[in-house]
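Each chain gets a letter, A, B and so on, in the order the sequences are listed, and its residues count up from 1. Values below: all heavy atoms of this structure, side chains included; hydrogens, waters and symmetry mates excluded.
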Amino acid sequence: KQEVTQIPAALSVPEGENLVLNCSFTDSAIYNLQWFRQDPGKGLTSLLLIQSSQREQTSGRLNASLDKSSGRSTLYIAASQPGDSATYLCAANDYKLSFGAGTTVTVRA
Amino acid sequence: NAGVTQTPKFRVLKTGQSMTLLCAQDMNHEYMYWYRQDPGMGLRLIHYSVGEGTTAKGEVPDGYNVSRLKKQNFLLGLESAAPSQTSVYFCASITGQGRETQYFGPGTRLLVL
């Protein structure tokens, strides 16, 4: 059974600081690793998807890395803004998604 | 193109009552999923379907039933609601077996008293 862990559970930073969110998973036999954003009371929005054969994926200020052999993925958010405040979820995909509990980010203006 | 929609958005039930949650997608996706999200926990898979007329159990299926009579709809039923089923329920869909990202609905908040 795939177990996904996200550390830290919560993070508060001043605007402009870079964010580093960690995700670990126990079974490396995955198709891909996905990062989602969830705003309070809302659904999930896909941010980045890294296929198992890839090492990283970038979109704007977001960069996600994947080390499948060690069961780790990291989401980097550069130059954080108050609008980045949300909960970030990672999910390991081995034909179905297994989610971590999320990291709740607060960016202070 | 509405994407994934869920009905209702919010519902209050008494213990023992039954209800059905409806998920609809207009993207012609084959795979559909039902998750629940509880405070401090990630999403957990309840049931899923890999095509019209098929269903399968996920991680936490007890107390729920599902049906996929039409490709675009995936129904989640609670036959006898319990307070432990108070949660936010999300539906998701995807084109194929999962090398792409899933598209999520906005969620249904269910409170069982």
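- Between B:E59 and A:K96 there is no salt bridge, since none of the side-chain N atoms of the basic residue sits less than 4.0 Å from a carboxylate O of the acidic one.
- Within 6.0 Å of the CZ atom in B:R109, the count of heavy atoms belonging to other residues, nucleotides or ligands does not exceed 12.
- With a threshold of 4.5 angstrom between heavy atoms, A:L89 approaches chain B through side-chain atoms but not through N, CA, C or O.
- There is no contact between A:Q6 and chain B, counting heavy-atom distances below 4.5 Å.
- Of the two parts of B:L43, the backbone and the side chain both hold a non-hydrogen atom closer than 4.5 Å to a non-hydrogen atom of chain A.
- Under the 4.0 Å criterion applied to side-chain N and carboxylate O atoms, B:D38 and B:R44 are assigned as salt-bridge partners.
- For the options B:Y48, B:F90, B:Y103, B:F104, heavy-atom pairs under 4.5 Å to chain A are most numerous at B:F104.
- Aromatic ring orientation, B:Y35 versus B:Y33: parallel (interplanar angle below 30°, classes split at 30° and 60°).
- With a 4.5 angstrom heavy-atom cutoff, B:Q37 touches chain A only via side-chain atoms.
- Between A:R61 and A:D84 a salt bridge is recorded (basic side-chain N to carboxylate O distance below 4.0 Å).
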